[in-house]
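Note on naming: letters A, B, ... go to the chains in the order of the sequence lines (proteins, then strands), and numbering restarts at 1 for each one.
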2 protein chains.
Amino acid sequence: MTSHRPYHHGNLRQAVLDRAAVMLRDRGAADLSLRELASDVGVTHAAPRRYFPDRQALLDALAVEGFVRLGTRLRAAVQAAPGYREQVRSAAAAYLRFATSEANLVELMFAHNRGADGAAVTQGANAAFAPILEMFRRGETEGLLPGRDPERVGLLFVATIQGVAGLINCGMIDADRLDDLAADVAGQVLGPPPSPA
Amino acid sequence: MTSHRPYHHGNLRQAVLDRAAVMLRDRGAADLSLRELASDVGVTHAAPRRYFPDRQALLDALAVEGFVRLGTRLRAAVQAAPGYREQVRSAAAAYLRFATSEANLVELMFAHNRGADGAAVTQGANAAFAPILEMFRRGETEGLLPGRDPERVGLLFVATIQGVAGLINCGMIDADRLDDLAADVAGQVLGPPPSPA
DNA sequence: ACCTGAACACCGTTCAAGT
DNA sequence: ACCTGAACACCGTTCAAGT
C-alpha cells in the first residue's frame, strides 16, 4: 500500500499497449478509451500522451503489433507444411484462424483511416505478407505456377482470404466452414488438384 | 426568419439519415456525432432518439442503405453486360468502383460490431448479393461452371472482390489497378479464358 | 525526461416536461 | 406522437506546473 507512489515503474508505453490490446479484443476499437487505459495502468489520463500523441497513434501502434503477430503465424504455418500445395492451404487456414479469433484487431489492421504515420502500418502489413509472397515465388521456380505472376497470385490469395475472414466476422458465413473455405481458397489460386480421382 | 419554429416539418428520420450519409462519406463512422447531426438538421440533440434508439442503430441503418445501393449497382452491372463472362467482369468492376468511392460506407457495411437488429444488415447484404448469385446460377445451367457449386463460386467471388477493395482502401494496392484487378478476379473464378491466343 | 492536475469543448444517454 | 431542455457521466486534447 505504498501511497503517493512515484511516477511509473516500468515501460509505460508497452504497459498501455498491452492493456489496449486486451481492451481492443474484448470491446473493439470504438470503445477504446485513453482515459480508461491510463487509469487501468495506474497513471493519470495525460501521461500516455508522451508515447501516443493522440488516440489514432495508439490505434496505429496496435495495428502494427497485429501485423507482427500475423506474420509470425503465417511464417510458422508455411514452414510446418510438407509440400507446396499443403503450404498454401496451411497458410490460408492460419490466416483464417487468426482473423476470426482476433476480429476486432484485424478490422483495425485493415481500416483505412489512419494517423500521421500510417505508412508504418502499411509497411508492417507488407512484412507480414512476406512469407506468402516467398511461398508463391518458390512455387513459380518449381514450375507450379505456369504462366502466372507470383506477386499477382499472392495478392489475390491475400485478398480472398481476408475477404472470407471479413464475411465470417460480420456474420455472413458460418464460422464452422473455416477449414473448408481455407481449402477452397487454396484450390482456387492453385487450380484443380493434381489427380485425386 | 420565422422564429420559434414548431417541431420538424418533414421526415426527421430520413433527414437525419441523409445528413449522416454525407458525414459518413466525408469523415468516417468514428466521427459521426448524433448531436452534430441533430444540430445540422435543425432539431435538438435528443430528437433523433425517437427513430434511432442509440448511435449503433443509426450506423446499422446506414449500412442497410449502403447494401441497397450496392445491390442496385450490381444488378445494373450484370444486366448491362452482353455475355456471362462479361457479366462477371462487369460485376467485379462495379463492386470495386462502389467500394473504393465509398470506402467509409463499405467499411461500416462489413463491420462486425452491430446493434440489436444487426440481422437486418445481414439480410440487406444477402439481398444485395442476390444478382451475383443469380449470375453464377445461370452460368451453371449453361454449363459454364463444370463441377462447381454456384453458391460456393459466388461466395468466393464476393470474398475476393471485397478483399481486393479492402486492400485498395487501406493503401496496400494502388487504386489505378482497379479494372485490371476486376478482370483478374473474374478470371480466377472463371478459369482460363476460352481461346484468346 | 516524465508525469500531474485543472480546464475546455465535446460526446451518448436518460428523462421529466412541454405542445 | 413528437420534440425540448436540463442533467449525468464520460470523452480527447491542451498546457502550465511539478519532481
Rounded to the nearest angstrom, tell me the gap between atom CG in B:L59 and atom P in C:dG12. 10 Å
Output the single nucleotide from D:dT13, C:dC11, C:dC3 whose closest atom is nearest the side chain of A:R50. C:dC3
Distance in angstrom units between B:L34 CG and D:dC11 P, rounded: 18 Å
Between B:D184 and B:Q188, a side-chain donor and acceptor under 3.5 Å: no
About how many Å separate NE2 of B:H112 and CG of A:N104, when rounded to the nearest 0.5 Å? 3.5 Å
Got a donor-acceptor pair under 3.5 Å from the side chain of A:R35 to the base of D:dT13? yes
Testing A:V158, A:V88, A:L155 one by one against A:I132 for a side chain to side chain contact (heavy atoms under 4.5 Å, CB included), which residue passes? A:V158
Roughly, in whole Å, what's the span from CZ in B:R55 to P in C:dT14? 15 Å
Rounded to the nearest Å, what distance is computed from the CG atom of residue B:L32 to the C1' atom of nucleotide C:dC11? 13 Å
Quick check on D:dC11: is either OP1 or OP2 less than 4.0 Å from any side-chain nitrogen or oxygen of A:S33? yes
Could you state the CZ-P distance from A:R49 to D:dC15, rounded to the nearest angstrom? 8 Å
With the side chain of B:H45 defined as its heavy atoms from C-beta on, choose the nearest nucleotide among D:dA7, D:dC3, D:dG12. D:dA7
Answer for the Watson-Crick or wobble partner of D:dT19, both distances under 3.5 Å, is C:dA1
note: A:F52, atom CZ; D:dT13, atom P; distance rounded to Å ~ 13 Å
Considering only side-chain heavy atoms of B:A46, which listed nucleotide, C:dT13, D:dC2, D:dG5, is closest? D:dG5
Given D:dT4, C:dC2, C:dT13, which nucleotide is nearest the side-chain atoms of A:Y51? C:dC2
Could you state the CD-P distance from B:Q14 to D:dC2, rounded to the nearest angstrom? 16 Å
Does A:R114 CZ have over 12 foreign heavy atoms under 6.0 Å away? yes
Mind calculating the distance between CG (A:D54) and P (D:dG12) to the nearest angstrom? 11 Å
Scanning all shown strands, the Watson-Crick or wobble mate of D:dA7 with both distances under 3.5 Å is C:dT13
Do the side chains of B:R73 and B:E102 get close enough for a salt bridge, i.e. N-O under 4.0 angstrom? no
